[in-house]
Amino acid sequence: MSQVEENNKNIVKLLESLLPKPGNLETEIPGLTLFRINESFVRVPLTYHPRIILMAQGSKRVFLGEDTFSYDPTQYLVLSVPIPLECDAVADENKPILGFAIDVDPQEVAEILLLSDDTKYSGENLPRGIYGASVSKEISDASLRLIQSLFSKTDLRVLGKSIVREIIYRVLIGENGESLQALAHRNRRFFQIAQILNRIHKEYAEEFDINELALSAGMSTSNFHNCFKAVTNTSPLQYIKAVRLQKARNLMLTEGTNAITAAQKVGYESPSQFSREYKRYFGVSPAKDQVQIAI
């Protein structure tokens, strides 16, 4: 058994202790979230925010256009910008999906890179905002120490944050790490698109004009479209629509908001248009989905 496999066995035991039931657990280490999923699920739309996701058990896939990214105990997933995509998961019998996620803060990434000479990013290419990479022994070792620190208040306070920074550093200098380095190195086009994506997530209910978004990014409309698709693999209009529909469903799921009110809150003026686009995106009408959510 390899060291990575041995580490995973130990991490699984620790996570099962911390998460006896399915769900997410926000830890006392800022930006560190643990998760447990007991059953497999079919492909569903979700929005992933900037983070590094490591799995100890089970496997998941995310779909972005024609691209598929798989992650499991041997592969981790990195998102440097928020991206609406689709996801499915496979849990073996009596073996829940277990893992953790570390939020990506561009300022912290920049601080780590300032101390590192081992960077690969040239500043010329425009990387995709999502990628996968192999779990190295160094990342696996740090992951085990990070989860172990959660069992000691003193270790958590003294070591927790530094181990998180170690993992971010290992990811930055690891396989495909230049895609995350681009955010901190202020690749002008990548950073401009990232700023627009953050704006869309904050102001999703507002009416967006694509030409104005391009202007605020300092780009021509055609260049904005090209750069936007290079980073997110989707068009600005499709991205905005996906964000709104997922925000609406979240309102229905977490707050019990009815479909018409949810549509209005995310910027839809026409309930019928909202219903059509919702059904096309989620495969079920808002009314039927509300019944499923209620159940």
Side-chain angles (χ1 to χ4, degrees), residues 30-33 45-54 60-71 75-87 101-113 119-133 164 167-168 171-172 174-204 206 208 210 212-219 223-247 250:
L32 174 64
T33 303
L46 294 170
T47 293
Y48 276 43
H49 293 278
R51 52 181 34 190
I52 300 163
I53 307 175
L54 291 120
K60 298 177 77 175
R61 295 183 300 175
V62 293
F63 305 89
L64 186 62
E66 297 180 354
D67 296 331
T68 302
F69 300 87
S70 300
Y71 52 115
Q75 293 277 322
Y76 59 88
L77 186 73
V78 180
L79 297 101
S80 50
V81 295
I83 300 181
L85 35 71
E86 294 181 305
C87 175
I102 295 171
D103 291 344
V104 170
D105 178 358
Q107 182 175 342
E108 184 169 33
V109 170
E111 290 173 357
I112 294 170
L113 285 176
T119 58
K120 309 169 187 175
Y121 181 63
S122 66
E124 297 176 359
N125 64 313
L126 185 62
R128 183 72 58 84
I130 178 174
Y131 71 91
V164 166
I167 293 174
I168 295 172
V171 170
L172 281 167
E175 181 184 354
N176 299 323
E178 59 271 22
S179 295
L180 184 57
Q181 293 174 25
L183 186 62
H185 274 297
R186 297 297 190 262
N187 172 298
R188 185 168 181 270
R189 293 172 300 160
F190 188 90
F191 186 68
Q192 288 164 323
I193 295 299
Q195 293 290 87
I196 294 297
L197 298 181
N198 289 330
R199 176 180 167 186
I200 291 170
H201 277 267
K202 290 179 181 177
E203 304 173 7
Y204 56 85
E206 302 297 322
F208 292 105
I210 303 302
E212 189 276 326
L213 290 177
L215 183 64
S216 67
M219 301 179 184
N223 191 34
F224 176 71
H225 272 274
N226 292 336
C227 291
F228 197 102
K229 188 159 189 178
V231 174
T232 67
N233 201 33
T234 189
S235 71
L237 285 176
Q238 289 172 325
Y239 185 97
I240 292 167
K241 183 186 297 184
V243 170
R244 284 176 171 166
L245 291 171
Q246 291 197 27
K247 296 286 187 183
N250 189 54

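FYI, the numbering just counts along the sequence from 1. Everything numeric here is computed off the predicted structure, so don't read it as measured data.
- Looking at Val231, Asn176, Asn233 one by one, the single match for side chain to side chain contact (heavy atoms under 4.5 Å, CB included) with Arg128 turns out to be Asn233.
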### From CA spacing to verdict: side-chain contact (heavy atoms from CB on, under 4.5 Å), Ile240, Val243
CA-CA 5 Å; Ile240 292 167; Val243 170; 5.8 Å; no

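- A distance of 4.5 Å separates OH in Tyr71 from CD1 in Ile53, rounded to the nearest 0.5 Å.
- Counting heavy atoms from C-beta on, the side chains of Leu77 and Ile52 never come closer than 4.5 Å.
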### Task
Any chance you could lay out the side-chain contact (heavy atoms from CB on, under 4.5 Å) test for Ser179 and Val78, step after step, and finish with the verdict?
CA-CA 9 Å; Ser179 295; Val78 180; over 6 Å; no

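- The distance between the ring centers of Tyr239 and Phe228 falls below 6.0 angstrom.
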### side-chain contact (heavy atoms from CB on, under 4.5 Å) evaluation trace for Leu172 with Ile112
CA-CA 9 Å; Leu172 281 167; Ile112 294 170; 4.0 Å; yes

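- Atom NZ of Lys60 is separated from atom CD of Gln75 by 15.5 Å, given to the nearest 0.5 angstrom.
- Residues Leu180 and Val171 form a side-chain contact, since some pair of their non-hydrogen atoms from C-beta on lies under 4.5 Å apart.
- For NZ of Lys241, the number of neighbouring non-hydrogen atoms (other residues, nucleotides, ligands) closer than 6.0 Å is 12 at most.
- Closest approach of Arg51 and Ala101 over heavy atoms only: NH1-CB, 3.6 Å.
- Two residues are said to be in side-chain contact when any heavy atoms from C-beta on lie closer than 4.5 Å; Ile193 and Met219 meet this criterion.
- Two residues are said to be in side-chain contact when any heavy atoms from C-beta on lie closer than 4.5 Å; Lys229 and His225 fail this criterion.
- Atoms OG and CZ, from Ser80 and Phe191 in turn, are 12.5 Å apart once rounded to the nearest 0.5 Å.
- No donor-acceptor pair under 3.5 Å is formed between the side chain of Gln195 and the backbone N or O of Gln192.
- A donor-acceptor contact shorter than 3.5 Å is absent between the side chain of Arg61 and the backbone of Cys87.
- Side chains of Phe190 and Pro127 form a contact here, defined as non-hydrogen atoms less than 4.5 Å apart.
- Atom-to-atom distance recorded for Tyr204:OH and Lys247:NZ is 5.5 Å, nearest 0.5 angstrom.
- The CG atom of Leu197 sits 10.0 Å away from the CG atom of Leu213 when rounded to the nearest 0.5 Å.
- Summarising the geometry of Leu85 relative to Leu64, their closest heavy-atom pair is CB-CD1, 4.3 Å, with the distance given to 0.1 Å.
- Residues Tyr131 and Phe69 approach most closely at CA-CE2, 4.0 Å, considering heavy atoms.
- At least one side-chain heavy atom of Pro50 sits less than 4.5 Å from a side-chain heavy atom of Pro82.
- Checking side-chain atoms of Glu86 against main-chain N and O of Val62 turns up no donor-acceptor pair under 3.5 Å.
- You'll find the side chain of Leu54 reaches within 4.5 Å of the side chain of Ile167, heavy atoms only.
- The closest donor-acceptor contact from the side chain of Asp67 to the backbone of Phe63 lies at 3.5 Å or more, if one exists at all.
- Contacts of Glu203 classified as side chain to side chain donor-acceptor pair (under 3.5 Å), with partners at least two apart in sequence or in another chain: Arg199.
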### Message
Checking Tyr48 against Ile130 for the side-chain contact (heavy atoms from CB on, under 4.5 Å) test, could you report, in this order, the C-alpha distance in whole Å, the side-chain angles of both residues, the deciding distance, and whether it holds?
### Response
CA-CA 10 Å; Tyr48 276 43; Ile130 178 174; over 6 Å; no

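- At a threshold of 4.5 Å between non-hydrogen side-chain atoms, the residues Ile168 and Glu108 count as touching.
- One N or O on the side chain of Gln246 and one on the backbone of Leu46 form a donor-acceptor pair closer than 3.5 Å.
- For the residue pair His201 and His49, the shortest heavy atom distance occurs at ND1-CE1, 3.8 Å.
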